Structure formats: structure tokens, C-alpha cells
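Before any comments, here is the structure.
Convention: sequence-line order gives letters A, B, ...; per-chain numbering from 1. Given the structure is predicted, the values throughout are model-derived calculations rather than measurements.
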Number of protein chains: 2
Amino acid sequence: MTPWGVTVTIANSLTVEDLGSAAQRDRRKRILDATIALATQGGFDAVQMRAVAEQADVALGTLYRYFPSKIHLLVSALAREFERAELQLRDKPLPGDTSADRVIFVLKKTTRGLQGDPHLTEALTRAFMFADASVQAEIHNVGMLLTSMLTRAMHPGSTELTDDDVAIARVIGDVWLSSLVGWVTGRMTASETGEQLERAVRLLLRD
Amino acid sequence: MTPWGVTVTIANSLTVEDLGSAAQRDRRKRILDATIALATQGGFDAVQMRAVAEQADVALGTLYRYFPSKIHLLVSALAREFERAELQLRDKPLPGDTSADRVIFVLKKTTRGLQGDPHLTEALTRAFMFADASVQAEIHNVGMLLTSMLTRAMHPGSTELTDDDVAIARVIGDVWLSSLVGWVTGRMTASETGEQLERAVRLLLRD
DNA sequence: GGAGGAGGTGGAACGTGTTCCTATTATGTC
DNA sequence: GACATAATAGGAACACGTTCCACCTCCTCC
């Protein structure tokens, strides 16, 4: 069995990972923890494979057995963090009278969380942007999470989604990603990203 | 004088570069040509600094004197190509009765151009995504070009732009970038990017 | 409980972006 | 034209992602 495990997506984007032995699950966790720690400290550049291996108390070869590249590693870490964030938001009622207000609430809350950890966000965004098709699965997961967060904000309690809903969520996701890139790369300030997001949402959801 | 030259932006995003001696201008051109050639052949990975230097008949140190990193090099190449494309489109009448139709025309035309050179596009998009604040100037140029292309398509012949116009152009730019990333990284097909763009434009421009 | 194999360790080695150094060649000044 | 300065050539050296290999350890199955 590969230590990457098999990712099974159940119903509404909740993922369960079947990961071999407890020792393997533990190694995987240690690796991701080390990744997040290093990324939080010093961003993308600080996540050096040798450093991750050392901090996770794992050989370099083992690290590569679990995650075939630095990009996979970071995107997997991103996915884990994202799931955790989404779990916190799920089941909580969202404030706001209009769908635009609720969506903006969700976006700002998430963005603020990310901007509280600039280095971590930089590392994860960079990885996301650099990923190629071989990380498709992990990225798809993140995309689904975001879409479900946004559509829930648009129509709380509803499970029926129109094509337009999904399309709007996707556009918002695109703007969000671009803003994040702009912020991470120092081309935009935090408040500018907030304004840009709010602007986009109000353009898209004016009903 | 640094060989990077001084970039002066005149009026409507037309840029003129003052680049020292003819020999320096020539070297710079040779370097960018070599970059484009290698990128066209084999994409981001094929643009190796030693290879660029050799093909441009320039020492490695000289290459780094002109472009302080591979990312700067690729983003500069992107900017040059983009300017050329915009120049072709400028002054030509745009078909379509509604602003949405015209914007979609511009986007599809540009996107088709890019997708005709997959490797080149991959290289340039990757660079764009990986750029940090030190490439702000070059990236800002590209952004301005795109905005001016889009707003012209929205209101041909008009020079008055509302805040909404600019905001819409920016959102479209974001979607375009995300689609491009999706396509470059193999997560979306060419036709999917087309659909996503059209979808987004029609959501934003429904007047 | 011993044999076989999958998974792990430790570290060398390779490729490519980047830096640095010295000798050589242009370029501009008097 | 001779000199001072800047720019370039040529290439070694370094850092980090990635690959590879030899050996060890632990689990599984008989």
C-alpha cells in the first residue's frame, strides 16, 4: 500500500483518509506539522525538504515517499488547514441579510485568518499557484470546499444549487485567489484585497 | 546607467524604454528572443539560465545583470509579447453589439493566441504567478494593458470610465488569470476556460 | 521463531538557479 | 591616443529540490 493513502470524498466535501498503519499516519502527521511550522516561520523558502525531514524526524527519502514533491507537500498541508478552517465555520449561522453580505462575511473571515499568518499563506499560495496536473486531486478538494462554503453563504440551508450559483461561486473563488496572489506577492495591501473582494461580490450578487 | 533601463509610461499604457547604448538594447533583445524561443519549445523548465545565456550569446553574469532572476526575465518577456498582442488589437474595430460580446471577443482572441503556444503560455503564466513584489513594475504594466483592452471593449471610443467599469475589468482579469492557471496546470481544458470566461463576463455585464 | 519483503535510514550525487571572482574588452574623458 | 571606469566573458562555487543506493528494521506469513 502506498503511504499516500486513498482519499475518499463523502457527500458534501468531507474527506476521510485511509492511511495504513498508525505509525504511517503518525509520520504523515509529523511531516505536515513540520511543514506548517516551517512555513509559518519563514514562508515558502523556509520549507526546505531537508529541514522538514529533520524536524519531522524522518529521512529525506521517507519524506519523498510520502509526498512526491515540495509542491505536493505544501498543497496537502494547505488542504488540511483549509479543512480545519471550514470545519470551524460549518454549522455556525452566518450573519447578514443578503447573500452578498453573508458571502462577504465568509470571505473576510477566511481572509483575515490567512493574513494573520502571512508566511504560511505565502507558502501555501505559492504552492497552489505552482502546482501542476499531478496535484489535481488535492486542489480539487480545496476548490470543492470553497465552493460549498460560498454557496452555503449564498443560500443557507438550501441544497438546491443553480448553475448560476456555482458559476458565481467560481468567479468569486477566482477573484479571491487573485487577490491572495496579489497580497502574497506584495502587489496589494490587506485592505485592498478586502475592498476588491467586496466589490466583486457586490457586482455579482446584486439581488 | 543600469542596463535595465527606465520604463516611462505615457498616456494610455504605451511604454517606451530608454535603454542605453545600441549594444545594450541589442543584448537585451537577444536575451528576450532566446527566452521566448526556449519557452516556446519546452516551457518553464526549458528556460534555463545557462541555455538562455548561450543562445543569446551572452555570459551568464551578463544575463543576470540585465534580468536579476529567471522570474524577472520571463515576466519581462511576457510583457513584451503582451504589448505586441495589444498593439495588434488596438485601433481595430471590435465586433459585437453588446459590451459582453465585445469583451468575450477580446478575451477569446487573446486566449486563443496564448493557447496556440502552450509551452510559452505555461512558462509565462508560471512566472507571473511566482513573481514577488520586486517584479511589481512589470506586472503592473501588464495589468494596465489588460484593463485598457477590456474597458475599450466595454465602451469603444469612450475615455470616461466609471469605478464600476474598472472594477469589472479587474474581476474579469482575475477570472482570466485563474482560468489560465487552470489550463496551464492541466486542471482545465481549453474549452472549459472559454466557457468559464464567457460565463463570468455574462454574469458581470448583463445590461 | 526464522525467512522474506516492504518500509525506513543516512547520506552521496546530480541539476539548475544564483552568486562571485578574475581577466578581458568596450566606452567615455582628457 | 592614453587612461579610467564600466561592462562582459568565462567559469568556479554554492544552495536546495530531487534521485539513488546500500544497508537496516520491523512486520507478516509459514
Tyr64(B) ring centre to Arg50(B) NZ or CZ under 6.0 Å, with the angle to the axis within 45°?
-> no
Protein-nucleotide distance (Asp45(A), atom CG; dT18(C), atom P), rounded to Å = 11 Å
Measure from NZ on Lys70(A) to P on dG17(C) and round the result to the nearest Å.
-> 15 Å
Cation over ring face, Arg27(B) and Tyr66(B), 6.0 Å, 45° | no
Provide, to the nearest angstrom, the distance between the NE2 atom belonging to His72(A) and the C1' atom belonging to dT18(D).
-> 14 Å
Which of dA9(D), dT9(C), dG17(D) is nearest the side chain of Ala59(A)? It is dT9(C)
Of Phe44(B) and Arg30(A), whose closest DNA chain C nucleotide lies nearer the 5' terminus?
-> Arg30(A)
Length of the line joining Arg65(A):CZ and dC21(D):P, which is rounded to integer Å | 15 Å
Can you sort out which residues in residues 118-128 of chain A have a heavy atom within less than 4.0 Å of DNA chain D? Ascending by number, please.
-> none
Over how many whole Å does the gap from Asp57(B) atom CG to dT8(D) atom C1' extend?
-> 11 Å
In terms of heavy-atom contacts, does NE2 of His140(A) have more than 12 from other residues, nucleotides or ligands at under 6.0 Å?
-> no
Examine distances only and state if a side-chain atom of Thr121(B) and a backbone atom of Leu114(B) form a donor-acceptor pair shorter than 3.5 Å.
-> yes
Would you find more than 12 non-hydrogen atoms of other residues, nucleotides or ligands less than 6.0 Å from Glu192(B) atom CD?
-> yes
Salt-bridge present (Arg84(B), Glu81(B); N to O < 4.0 Å) = yes
Kindly say whether, by distance alone, the side chain of Arg50(A) makes a donor-acceptor pair under 3.5 Å with the base of dG17(D)?
-> yes
Counting any heavy atom closer than 4.0 Å, what does Val47(A) reach on the DNA or RNA strands: base, sugar-phosphate only, or nothing?
-> sugar-phosphate
Per-nucleotide protein contact string for nucleotides 19-27 of chain C (B base, S sugar-phosphate only, - none; heavy atom under 4.0 Å) | B--------
Measure the distance from CD on Gln48(A) to P on dC16(D) and round it to the nearest whole Å.
-> 4 Å
Counting side-chain heavy atoms from C-beta on, which of dG8(C), dT18(C), dT18(D) comes nearest to Thr62(A)?
-> dG8(C)
Atom-to-atom span, CZ of Phe130(A) to C1' of dG17(C) - whole angstrom = 12 Å
Check ion pair Arg202(B)-Asp101(B) (N to O, under 4.0 angstrom) = yes
Identify, with sequence neighbours excluded, every residue that meets side chain to side chain donor-acceptor pair (under 3.5 Å) alongside Asp26(B).
-> Arg30(B)
Separation of atom CD in Glu54(B) from atom P in dG10(D), rounded to whole Å = 11 Å
For Phe130(B) and Phe44(A), what are the C-alpha separation, side-chain angles and deciding distance, and is it a ring pair (Phe, Tyr, Trp, His ring centres under 6.0 Å)?
-> CA-CA 11 Å; Phe130(B) 220 66; Phe44(A) 188 88; 5.6 Å; yes
